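Handing you this structure, nothing more for now.
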Protein chains: 2
Amino acid sequence: MDEQPWNRQRLRSNNEWLLLEHLRNAAPASRAQLARVTGLSKPTVSSALAALEQRGLVREAGTALPERGRTAVLYEPDPTAGYVLGIDIGRARLRAAVADLSGEVLSRIDVPNTGRTAAALADAAARAAGKVMDSADVSADRVVHAAVGTPGVFDPEDGRVRYAVNLPGWGRAGLFDKVREQLGGSALELSVHNDANLAALGEYAFGAGRGSKLFVYVLIGTGLGIGIVSHGELFTGAHGAAGEVGFLPLSLGSPELLRHGPRRGALEEAVSADAVVRTARELGMTGRLTAKRIFDEARAGTPAAVAAVRQESERLALVVAAVSAVLDPDLVVLGGGVGRSTDLLLAPVRAALHQTTPLRPALAPSELGDNAVLLGAIATALRSARPRVFNLPTNQTHAS
Amino acid sequence: MDEQPWNRQRLRSNNEWLLLEHLRNAAPASRAQLARVTGLSKPTVSSALAALEQRGLVREAGTALPERGRTAVLYEPDPTAGYVLGIDIGRARLRAAVADLSGEVLSRIDVPNTGRTAAALADAAARAAGKVMDSADVSADRVVHAAVGTPGVFDPEDGRVRYAVNLPGWGRAGLFDKVREQLGGSALELSVHNDANLAALGEYAFGAGRGSKLFVYVLIGTGLGIGIVSHGELFTGAHGAAGEVGFLPLSLGSPELLRHGPRRGALEEAVSADAVVRTARELGMTGRLTAKRIFDEARAGTPAAVAAVRQESERLALVVAAVSAVLDPDLVVLGGGVGRSTDLLLAPVRAALHQTTPLRPALAPSELGDNAVLLGAIATALRSARPRVFNLPTNQTHAS
DNA sequence: AAAGTAAAGTTAAATTCCTTTACTAATGAC
DNA sequence: GTCATTAGTAAAGGAATTTAACTTTACTTT
């Protein structure tokens, strides 16, 4: 129940929003269908739809012949009513994409992250965004919202990123203001989010997490983080740091870790990609080791690699078990660089989980892979953009 | 934004609800005040208030003289519009209370839990509830909602309680239906909740958790559980088992626990009241040991007791650290039998937390103590009852 | 081919609830 | 007693909804 007074204008606006949402779920639809399904009367639907069409939020989408009777005029949301921008600032790569309001990606770009300084990185991100907007032929003033994904926790109070240990200088203030200015529109809203959170939302909106009640996405790569989506909403905690499981104080059964006692970021060090490499080296593997190579060798049966992977999966299982005990998710998705090797990880994690706790969420591999963060940024931008476009005073619609 | 059509009746009803909520926060208030603060016009407030008064939801509450001008008639919610029942089925004691819609407890009872069987226990609970209703002079048909707290996880699908390891036979189906029948009203709604969750809500509504954005209540006693309140709403997970941290797979640095590897309920065994007793015994204490006695001896300086308490607090710190890393709460409250000894636990837990993680929630002792679950049940029942009373077709009001 | 039927959509009237404006009522200050 | 100020009411007007009747269109039946 609401905290604002309901006058008639708000009532009208609400019913228009209701119709728009219905159309998003079941487009195209005729006025009569909408009246039946929303419970509104036919005249109300007609006039609301006319208003929506005038504002450029809805458009005709052909006709349909019912079994008997007059042909119906169909309507759908107009995806060109606005556009959104998603930017994924990863430690290794930089990605950006433009999508219309229906969520369709019109253009995307994926370049190596060569930024040596934070300022150069911000600049490169803005340029990449400019490029996708160009190639999608979308001008800056038509972009309603841009969502940026980055490691660490963004504090909207002072505009800084905290806990971004792998990006030097990335904690400086004002970086994102500069990106916004460079993108052009002062009308442009720009929001910054944790990458694991965005990946979770992406996987929830477009991937393996669809329909889950409480969905946990585990991002294992250079770092370790989880994103939590509860009933479709991101769960961020009191300061936006929920899911920073790198700080879990698990002793993890390793005598070496135990000797030093619990300390900061212990788990992150134990589960991230570097940890796999370190373990493999300790077990006797040599040469230029990467997590990817170790997983490949494990598939081929190299004993040291197999052992390293087993240790990794055991530790991962502890993370999943700990998160499950606290949150009780119905689905846990593994993603990120290491998470991609789910063929090797899923079964042992599942087995370990069965030994530890009766709370057994379904385990699944990521469906979106490397695109999770980017698509999550798009999904997040859409969430902000759709109400914003709807509430825009007089949609300065282009001629149609 | 909503999923239902907004006709005029719903608009009216919404504005009435809005006024009622405002009155609950700032009663008593005059019509003019309400108009100013809600943004509704004075005539609307007048007519809505008249309707509310006619339905028995609101009543006059004297008059007030403004600095200048005519005397104002004040209104307040009528607390006698309905009553709620809270029942706390604890492992050791049985508690029940009746409150009016304002949340004021009119009568309460607290008896030892002597039930040998689940059926006898259910019967005793119903009888205790009957007694408080009698002594508060509230008939069963005026009770709108009853909330029951119990260990374990209640599954509303089949009406059973799971994971209630300390109450024999408590997993049987139909137990709560019988309680409801015994209480009388078929109109009576009865809901069943986990005790840690209720304690959390109680502490959030009436105690130390007020105003917290993300609040965690740790219930340490015969068992171990946490309740999570996120932005005023209980966080229950996908199957209602969120916060069952007894299943946390922490190895806890104890070689003994490590030898067996992680297993089910390991943490619960390590942190509950029994664990303190066990540790103290291993450390050489003898005689009839209870957790309470050990804490008392620790205060007196008995070395073995001091050591046992230190170990307990270290383990507890790991739980709090793990929960903090996953959830990022701004406040953690310790409650329950062992949690009551916060003078001994709080400082070491805080110190250990500082070593483990930069995410440092405020730590505080319970304010409600043994009443947390019962008051949480009242708070929960009120949440259900208030909208229900509001939506009751024609409040069959008693003569006033 | 004409008549019937059913569905889509429109029109017009009635209804409801809100706001605005203008008013009355009551009280302290002067 | 008058003025200023605040509380509350009454009447008028307006916005958005619903109901019910109507028109339009296309297929089906005879």
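Since the structure is predicted, the reported quantities are computational estimates derived from the model, not experimental observations. All values below were derived from every heavy atom in this structure, side-chain atoms included, with hydrogens, water molecules and symmetry-related copies excluded. Below, chain A is the first sequence line, B the second, and so on; all start at residue 1.
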> Rounded to the nearest Å, what distance is computed from the CG atom of residue Leu40(B) to the C1' atom of nucleotide dT20(C)?
Replying inline: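 So the two atoms are 14 Å apart, to the nearest Å.
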>> As a test of reading the structure: which of dC18(C), dT25(D), dT27(C) is closest to the side chain of Arg12(B), going by heavy atoms?
In response: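 Nearest listed nucleotide: dC18(C).
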> Between atom CG in Leu52(B) and atom P in dC17(C), what is the gap in whole Å?
Replying inline: 13 Å
>> Counting C-beta onward and ignoring hydrogens, is there a side-chain heavy-atom pair between Leu183(A) and Arg180(A) closer than 4.5 Å?
In response: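 No; the side chains remain at least 4.5 Å from each other.
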> Between atom CG in Leu18(A) and atom C1' in dA16(D), what is the gap in whole Å?
Replying inline: 15 Å
>> Rounding to an integer number of Å, can you tell me how far Leu19(B) CG sits from dG8(D) P?
In response: 13 Å
Would you tabulate the side-chain donor-acceptor contacts of residues 201-209 of chain A under 3.5 Å, counting partners in other chains and residues two or more places apart, or write 'none'?
unit_1, atom_1, unit_2, atom_2, d
Glu203(A), OE1, Ser366(A), OG, 3.0
Glu203(A), OE2, Ala208(A), N, 3.0
Glu203(A), OE2, Glu367(A), N, 2.8
Glu203(A), OE2, Leu368(A), N, 3.4

> Below 4.5 Å, heavy atoms only, C-beta onward: do Val58(B) and Leu20(B) meet side chain to side chain?
Replying inline: yes
>> With hydrogens left out and only the distance checked, is there a donor-acceptor pair under 3.5 Å joining Arg70(B)'s side chain and the base of dA26(C)?
In response: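 It does not, because no donor-acceptor pair links the side chain of Arg70(B) to the base of dA26(C) below 3.5 Å.
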>> Test your reading of the model: is there a side-chain donor-acceptor pair from Arg31(B) to the backbone of Val73(B), 3.5 Å cut-off?
In response: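 Checked: no pair found.
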> What pairs with Ser139(A) under side-chain hydrogen bond (donor to acceptor under 3.5 Å, both in side chains), at least two apart in sequence or on another chain?
Replying inline: Asp141(A)
>> Holding to ring pair (Phe, Tyr, Trp, His ring centres under 6.0 Å), I want the full list of residues that pass it with Phe235(B), two or more places apart in sequence or in another chain.
In response: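 Counting only residues at least two positions away or on another chain, Phe235(B) forms a ring pair (Phe, Tyr, Trp, His ring centres under 6.0 Å) with Phe235(A).
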>> Give the residues of residues 42-50 of chain B touching DNA chain C, defined as any heavy atom closer than 4.0 Å, sorted by residue number.
In response: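 Contacting residues: Pro43(B), Thr44(B).
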> So, does Arg55(A) use its side chain to make a donor-acceptor pair with the main chain of Phe390(A) at under 3.5 Å?
Replying inline: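 Yes, the answer is positive, given that a donor and an acceptor are paired below the 3.5 Å cut-off.
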> Ser30(A) side chain: which of dT20(C), dA8(C), dC27(D) is closest?
Replying inline: dA8(C)
> Atom CD of Glu60(A) to atom C1' of dG9(C): distance rounded to whole Å?
Replying inline: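 Going from Glu60(A) (CD) to dG9(C) (C1'), I get 13 Å.
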> Residues two or more places apart in sequence or in another chain: which of them pass side-chain hydrogen bond (donor to acceptor under 3.5 Å, both in side chains) with Arg36(B)?
Replying inline: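 Once residues adjacent in sequence are excluded, Arg36(B) has no partner under the side-chain hydrogen bond (donor to acceptor under 3.5 Å, both in side chains) criterion.
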> To the nearest angstrom, how far is Glu16(B) atom CD from dT16(C) atom P?
Replying inline: 15 Å
> For Gln33(A) and dA8(C), what is the distance between atoms CD and P respectively, to the nearest whole Å?
Replying inline: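 Going from Gln33(A) (CD) to dA8(C) (P), I get 7 Å.
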Could you list the protein-to-nucleotides 13-15 of chain C atom pairs, N/O on both sides, closer than 3.5 Å?
unit_1, atom_1, unit_2, atom_2, d
dT15(C), O2, Arg8(B), NH1, 3.0

> Over how many whole Å does the gap from Leu34(A) atom CG to dA8(C) atom P extend?
Replying inline: 11 Å
>> If you only use heavy atoms from C-beta on, which nucleotide in dA7(D), dC17(C), dG28(C) is closest to the side chain of Leu65(B)?
In response: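 Out of dA7(D), dC17(C), dG28(C), the nucleotide with an atom closest to Leu65(B)'s side chain is dG28(C).
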